[in-house]
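Here's the structure, in structure tokens; my notes come after.
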Amino acid sequence: MAHHKDAIKRIRQNKRRRTYNRYYISTMRTTIKKFHAAIEEGNTELASELFPKTVKIVQKLGGKGIIHKKQASRRVARLHATLKKLETA
């Protein structure tokens, strides 16, 4: 266990940030799973409705540094490609 006052404070801050980040990552994963479930069902209407919400969450996390910006960009590109594939089929 830490002995210095600064180290103890840092532990508290890290714990708070970790719970905050885990909440948002979990939310992102859930929305992506819902989007993919709509794609699997072939429900273009629902997928089109979920797409902007999903992209918004992913880009928000990328902007805040919870996930890397390039990872956020890659995820959005893949989601968009999946939606396009469904719409053209």
Side-chain angles (χ1 to χ4, degrees):
M1 192 66 194
H3 295 289
H4 293 283
K5 207 172 189 180
D6 293 341
I8 293 168
K9 181 179 178 180
R10 178 59 61 191
I11 290 169
R12 282 196 319 263
Q13 289 175 330
N14 289 339
K15 185 177 178 181
R16 195 176 311 126
R17 285 191 184 115
R18 185 170 52 251
T19 56
Y20 174 84
N21 291 345
R22 286 183 61 140
Y23 167 75
Y24 278 108
I25 288 173
S26 174
T27 305
M28 176 189 69
R29 287 181 181 151
T30 303
T31 55
I32 289 173
K33 285 178 186 176
K34 286 180 183 176
F35 177 78
H36 282 300
I39 295 284
E40 297 251 338
E41 292 173 5
N43 192 344
T44 312
E45 190 176 304
L46 180 61
S48 298
E49 186 181 312
L50 289 172
F51 181 72
K53 295 174 185 177
T54 307
V55 168
K56 182 179 178 182
I57 290 172
V58 172
Q59 287 179 337
K60 180 180 178 180
L61 297 187
K64 288 181 175 283
I66 295 172
I67 61 174
H68 197 275
K69 285 184 179 183
K70 290 188 178 184
Q71 185 190 68
S73 177
R74 184 175 61 246
R75 283 179 185 258
V76 169
R78 287 178 179 170
L79 291 171
H80 189 67
T82 308
L83 182 63
K84 282 291 184 187
K85 188 186 289 185
L86 180 67
E87 288 176 348
T88 57

task: Could you grab the distance from atom CD1 of Ile39 to atom CZ of Phe51, nearest 0.5 Å is fine?
output: 9.5 Å

query: What's the spacing between Asp6 CG and Ile11 CD1 if we round to 0.5 Å?
result: 11.0 Å

query: Which residues pass the side chain to side chain contact (heavy atoms under 4.5 Å, CB included) test with Lys56, sequence neighbours left out?
result: none

Set of side-chain hydrogen bond (donor to acceptor under 3.5 Å, both in side chains) partners for Glu45, sequence neighbours left out: none

query: Is any side-chain heavy atom of Lys15 less than 4.5 Å from a side-chain heavy atom of Arg12?
result: no

Atom pairs and distances, side-chain donor-acceptor, residues 23-34, under 3.5 Å, sequence neighbours left out:
from  : atom 1 : to    : atom 2 : distance (Å)
Thr27 : OG1    : Tyr23 : O      : 2.8
Thr30 : OG1    : Ser26 : O      : 2.8
Thr31 : OG1    : Thr27 : O      : 3.3
Thr31 : OG1    : Met28 : O      : 2.8

task: Output all residues satisfying side chain to side chain contact (heavy atoms under 4.5 Å, CB included) with Arg22, sequence neighbours left out; order by chain, then residue number.
output: Arg18

Donor-acceptor contacts under 3.5 Å from residues 66-83 side chains, at least two apart:
from  : atom 1 : to    : atom 2 : distance (Å)
His68 : ND1    : Lys70 : N      : 3.1
Thr82 : OG1    : Arg78 : O      : 2.7

message: Other members of the hydrophobic cluster containing Ile8, with the 4.5 Å side-chain heavy-atom rule, please.
response: none

statement: d(Leu50 CG, His36 NE2) to nearest 0.5 Å is 11.5 Å

- request: Tell me yes or no: between the side chains of Gln13 and Arg16, is some donor less than 3.5 Å from an acceptor?
  value: no

